[in-house]
Chemist: 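Shown below is the structure under consideration.
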2 protein chains.
Amino acid sequence: MDHPQGISDTIPNPSVRRLSAYLRHLENLAACGATRVSSKQLAEYIKGGDAQVRRDLALFGQFGRRGVGYEVQDLIQVIRTILGTRVQWNVVVVGAGQLCQALLRYRGFQDRGFTLVGAFDTDPRKIGTQCGPVTIRHIDAMAEVIRKNEVRLAILTVPVQAVQHTAEKLVAAGIEGIMNFASASLDVPPHVHVNQVDLTAHLEQLSYQVSNPQTP
Amino acid sequence: MDHPQGISDTIPNPSVRRLSAYLRHLENLAACGATRVSSKQLAEYIKGGDAQVRRDLALFGQFGRRGVGYEVQDLIQVIRTILGTRVQWNVVVVGAGQLCQALLRYRGFQDRGFTLVGAFDTDPRKIGTQCGPVTIRHIDAMAEVIRKNEVRLAILTVPVQAVQHTAEKLVAAGIEGIMNFASASLDVPPHVHVNQVDLTAHLEQLSYQVSNPQTP
DNA sequence: GTATGTGAAGTTATTCACAGCG
DNA sequence: CGCTGTGAATAACTTCACATAC
């Protein structure tokens, strides 16, 4: 389906990823009291070209002013609308290790549209522990928490052996998006989206880049 | 410069990222005792096509056997050679919060070529704390640790306001690659590589995907 | 039969460059 | 003038399809 104006309803994946980056910079600018921003400034933030930025933003409408730039607050709202984070998302964390604790205590999620409403584990020693704003509960209580809080997103920080099995529980409970920190590919139904976060891979990319200096 | 055989000495960025994913799957396979793998199997892991996998692997030589597949151990060695992780890298962490603790206690880095040799902060209450295998030290001791251990990579987990200033200290101490968890773009000399890790962005991608079901 | 390696074709994404508006 | 929005050109990446080897 085509939109009346030249607005595509299918946004290229690289653009969607960059939208998050723009949003981070806009948040920083807003915190500093800036009201306007140019494609040039946003381009510097993502270390890309200004044409790239304008293309990305033009994908879903025209709200820059020629000769002037973009309104910071407007752009924040527009990007949050695209990303779906003008509404608050409830999120659960499964696997109550150190990483889970770090995530639960991290302040940034809340302001950006994500509320961590529960954390689960099977280890009896962890259950009952208070961790930031939530208490660790047994994984058997998970489905109920997900249903009652209309949770659609989950963060998986369980060990690699447990990850597929846990993902299945999440899917059965109605979860539609999973951020997975374990190094295993999840087998889930097509309507469930998985986002793999591999911290080792990030170090490996650096190792590659540092070992191959010609790489730009 | 061209290589004698059809081997490019410049590997496309998406391919380098996939190499890490292949490596994770190969590690899993090796742990299960598998000795061979096909492009089809690797493709399933990354949810891509088998031609893609073969292209990626053919970028740096031919070591599959037609009609058979690839040797798991060989492939592990080859990919680690490309990524530069057959040698061990010493890494420091700056910013001794919860995330730092999670990273220091994470077992996966060591086996994959990364040894965390130090962690630093400015908060006097944190200094002296034992955290996994290392003790938190004052940031003034950082340059010496980096020099003595020939550290080239660093992980930044300091708050966003401190990040540029801390990055400069790292660069001055000779660091060449930075994994940055703060939502700010670092201004560093061109020989220093930065890898931005934005956990909020990952949730935003999921939010977008879940909100736009038609997206494949 | 099975699975790789790779030209050729196709697709997607980025950059150029400039018209158009403030 | 400055900065956006965008066709047109370019570059990057992916997929097809098949010869080749086991």
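Just so we're on the same page: letters track the sequence lines, and every chain starts at 1.
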Chemist: Does Val91(A) offer a backbone N or O that forms a donor-acceptor pair with the side chain of Thr115(A) under 3.5 Å?
Modeler: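 Looks like no, no N/O pair under 3.5 Å.
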Chemist: Which whole-number value in Å describes the distance from Arg36(B) CZ to dT2(C) P?
Modeler: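 Interatomic distance, CZ of Arg36(B) to P of dT2(C): 16 Å.
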Chemist: For Arg80(A), which residues count as a salt bridge (charged side-chain N to carboxylate O under 4.0 Å, His left out) partner, sequence neighbours excluded?
Modeler: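 Arg80(A) satisfies salt bridge (charged side-chain N to carboxylate O under 4.0 Å, His left out) with no other residue.
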Chemist: Can you pull the salt bridge (charged side-chain N to carboxylate O under 4.0 Å, His left out) pairs that have at least one residue in residues 176-194 of chain B, sequence neighbours excluded?
Modeler: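 Sorted result for residues 176-194 of chain B: Arg152(B)-Glu176(B).
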Chemist: Roughly how many Å is it from CD in Gln41(A) to P in dG2(D), rounded to a whole number?
Modeler: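 To the nearest whole Å, that distance equals 15 Å.
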Chemist: dT4(D), dC13(D), dG5(C): which one has an atom nearest the side-chain heavy atoms of Gln62(B)?
Modeler: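 Of dT4(D), dC13(D), dG5(C), dG5(C) is nearest to the side chain of Gln62(B).
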Chemist: Got a sec, which residues hit salt bridge (charged side-chain N to carboxylate O under 4.0 Å, His left out) with Arg66(A), two or more places apart in sequence or on another chain?
Modeler: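 Result, salt bridge (charged side-chain N to carboxylate O under 4.0 Å, His left out) vs Arg66(A): none returned.
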Chemist: In this structure, how many angstroms lie between the P atom of dA13(C) and the CZ atom of Arg18(A), rounded?
Modeler: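 Roughly 9 Å, once rounded to whole Å.
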Chemist: May I have the distance from Tyr22(B) (atom OH) to dT4(C) (atom P), rounded to whole angstrom?
Modeler: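 For the pair Tyr22(B) OH and dT4(C) P, the rounded distance is 12 Å.
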Chemist: dT4(C) P sits how many Å from Lys40(B) NZ, rounded?
Modeler: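 It is 10 Å, rounded to the nearest whole Å.
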Chemist: In whole Å, what is the span from the CG atom of Asp74(A) to the C1' atom of dT4(D)?
Modeler: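 Going from Asp74(A) (CG) to dT4(D) (C1'), I get 15 Å.
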Chemist: Can you tell me if Tyr70(B) touches the phosphate of dG5(C), counting only side-chain N or O atoms and a distance under 4.0 Å to OP1 or OP2?
Modeler: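 Looking at the OP1 and OP2 atoms of dG5(C), one of them is under 4.0 Å from a side-chain N or O of Tyr70(B).
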Chemist: What's the CG-C1' distance between Asn13(B) and dT14(C), to the nearest Å?
Modeler: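 Interatomic distance, CG of Asn13(B) to C1' of dT14(C): 14 Å.
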Chemist: Give every residue pair that meets the salt bridge (charged side-chain N to carboxylate O under 4.0 Å, His left out) criterion with at least one member in residues 11-38 of chain A, sequence neighbours excluded.
Modeler: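 Qualifying pairs, neighbours excluded: Arg18(A)-Asp56(A), Arg24(A)-Glu27(A), Arg24(A)-Asp198(B), Arg24(A)-Glu204(B), Glu27(A)-Arg112(A), Arg36(A)-Glu71(A).
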Chemist: Relative to each other, are the rings of Tyr45(B) and His25(B) parallel, tilted or perpendicular (30° and 60° limits)?
Modeler: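 Rings of Tyr45(B) and His25(B): parallel, under 30°.
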Chemist: Rounded to whole angstrom units, what separation is found between the CG atom of Asp56(B) and the P atom of dT6(C)?
Modeler: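 About 13 Å, once rounded to whole Å.
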Chemist: Hey, is the side chain of Ser39(B) poking within less than 4.0 Å of OP1 or OP2 on dA3(C), counting only N and O atoms?
Modeler: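 For Ser39(B), the contact criterion (side-chain N or O under 4.0 Å from OP1 or OP2 of dA3(C)) is not met.
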Chemist: Give the B/S/- string for nucleotides 15-22 of chain D, one per nucleotide from 5' to 3', where a protein heavy atom under 4.0 Å of the base yields B, of only the sugar-phosphate yields S, and otherwise -.
Modeler: B-B-BBBS
Chemist: So, using salt bridge (charged side-chain N to carboxylate O under 4.0 Å, His left out) as the criterion, who are the partners of Glu168(A) when residues are at least two apart?
Modeler: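 Result, salt bridge (charged side-chain N to carboxylate O under 4.0 Å, His left out) vs Glu168(A): none returned.
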